[in-house]
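Quick notes on the structure that follows.
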Amino acid sequence: ATACQAYLDKQYETAATQLEQLINNGYQPADAYRIAINARIQLKQYEQATALNTAFSRKIRRINASDRSTSAMLMIYRKEYAEAVTYLKQLLVKDGFEKINLNNLGYALNEIGRYEEAIPYLNDSIMIDKSFSYPYGNRSFAHLQMGRLEEGIADNELACSLDPEHASHG
């Protein structure tokens, strides 16, 4: 099976290994890096994903908004929340308000205890896509941490109604 087919079949280790071999042998299109990075993320191998992402950023000059969002997610996965906050704020200027970056900024702010600051970003994410469950869950967390039980419970119920698996996400 090809690396791309392995990825589609959720055989992430096979996909990542095959793509990394191709990359190391000089085959370096942007999508090979992107798929290898995402395969490592699926495997929760964030350091390997970060190494690939760093190499990608150095070798491929056509970094797009999605690639920058991936870089921000890797910071969050590595629990580099303060760095992620700084980077995500830069992305809002560079790439505009995008629901995932706004949600991730709110999440990272929550993780460093800046709950009040997180809420407007989460509100903006919700305004872009009212069916996106994650900002409701993150806003719920912020409200609960600040003792706003009624608002926190309401947001949690909304998150769970939009995505029944959300309850298992935390």
Mind checking the OG1-CG spacing from Thr17 to Leu22? Nearest 0.5 Å is all I need.
11.0 Å
Same cluster or not: are Leu162 and Ile126 linked, directly or through other Ile, Leu, Val, Met, Phe, Trp or Tyr residues, by side-chain heavy atoms under 4.5 angstrom apart?
yes
Do Lys130 and Met127 have side chains that approach each other closer than 4.5 Å (heavy atoms only, starting at C-beta)?
yes
Restricting to non-hydrogen atoms, name the atom on Leu144 and the atom on Ile153 that form the minimum distance, rounded to 0.1 Å.
CD2-N, 4.3 Å
Quick one: CG on Leu92 to CG on Asn101, what's the gap to the nearest 0.5 Å?
6.5 Å
Without hydrogens or angle criteria, can the side chains of Asn138 and Asn103 be said to hold a donor-acceptor pair below 3.5 Å?
yes
Which pair of heavy atoms, one from Gly137 and one from Ala159, lies closest together, and at what distance?
N-CB, 3.7 Å
Please check this pair: side chain of Gln48 against backbone of Arg40, looking for a donor-acceptor N/O pair closer than 3.5 Å.
no
Any donor-acceptor pair under 3.5 Å from Tyr121 side chain to Tyr107 backbone:
no
Tell me, do Val85 and Arg114 make a side-chain contact under 4.5 Å, heavy atoms counted?
yes
Just do the salt bridge (Lys or Arg N to Asp or Glu O under 4.0 Å) check on Arg68 and Glu98 with the steps written out, would you?
CA-CA 12 Å; Arg68 289 187 287 274; Glu98 192 276 327; over 6 Å; no
To the nearest 0.5 Å, how far apart are CG in Asp155 and CZ in Phe141?
13.5 Å
Tell me, do Ile37 and Phe56 make a side-chain contact under 4.5 Å, heavy atoms counted?
yes
Are Gln145 and Asn110 close enough, and set up right, to give a side chain to side chain contact (heavy atoms under 4.5 Å, CB included), and what steps lead you there?
CA-CA 9 Å; Gln145 293 303 307; Asn110 276 346; over 6 Å; no
Side-chain donor or acceptor of Ser140 paired with backbone N/O of Gly152 under 3.5 Å
yes
To the nearest 0.5 Å, tell me how far Tyr33 OH sits from Ile23 CD1.
5.0 Å
For residues Met75 and Ile112: do they belong to one hydrophobic cluster (side chain heavy atoms under 4.5 Å, members Ile, Leu, Val, Met, Phe, Trp, Tyr)?
yes
Decide whether Asp9 and Gln5 meet the rule of one side-chain donor and one side-chain acceptor closer than 3.5 Å.
yes
Counting only N and O atoms by type, is there a donor-acceptor contact under 3.5 Å from the side chain of Ser125 to the main-chain atoms of Leu122?
no
Side-chain heavy atoms under 4.5 angstrom apart, residues restricted to Ile, Leu, Val, Met, Phe, Trp, Tyr: same cluster for Phe97 and Leu109?
yes
Locate the shortest heavy-atom distance separating Ser69 from Leu91; write the atom from each residue and the value.
N-CD1, 4.1 Å
Would you name the heavy atoms of Ile63 and Ser57 that are closest together and state the gap between them?
CD1-CA, 3.9 Å
CD on Gln42 to OH on Tyr7, rounded to 0.5 Å:
5.0 Å
Any residue meeting side chain to side chain donor-acceptor pair (under 3.5 Å) with Arg78, in chain and number order, not counting sequence neighbours:
Thr50, Glu80
For the residue pair Ile119 and His143, establish whether any side-chain heavy-atom pair is separated by less than 4.5 Å.
yes
Where Ala15 and Ala3 come nearest, the two heavy atoms and their spacing:
CB-O, 3.4 Å
Tell me yes or no: between the side chains of Thr14 and Gln18, is some donor less than 3.5 Å from an acceptor?
no
So CD1 of Ile76 and CG of Asn104: to nearest 0.5 Å the spacing works out to 4.0 Å
Report yes if the side chains of Met73 and Tyr77 come closer than 4.5 Å at any heavy-atom pair, otherwise no.
yes
Out of Thr70, Leu19, Asp67, Leu52, which one pairs with Arg34 under the side chain to side chain contact (heavy atoms under 4.5 Å, CB included) rule?
Asp67
Please report the shortest heavy-atom distance between Ala72 and Ala84, naming the atom on each side.
O-CB, 4.3 Å
Can you get from Leu102 to Val93 by hopping between Ile, Leu, Val, Met, Phe, Trp and Tyr side chains that sit under 4.5 Å apart?
no
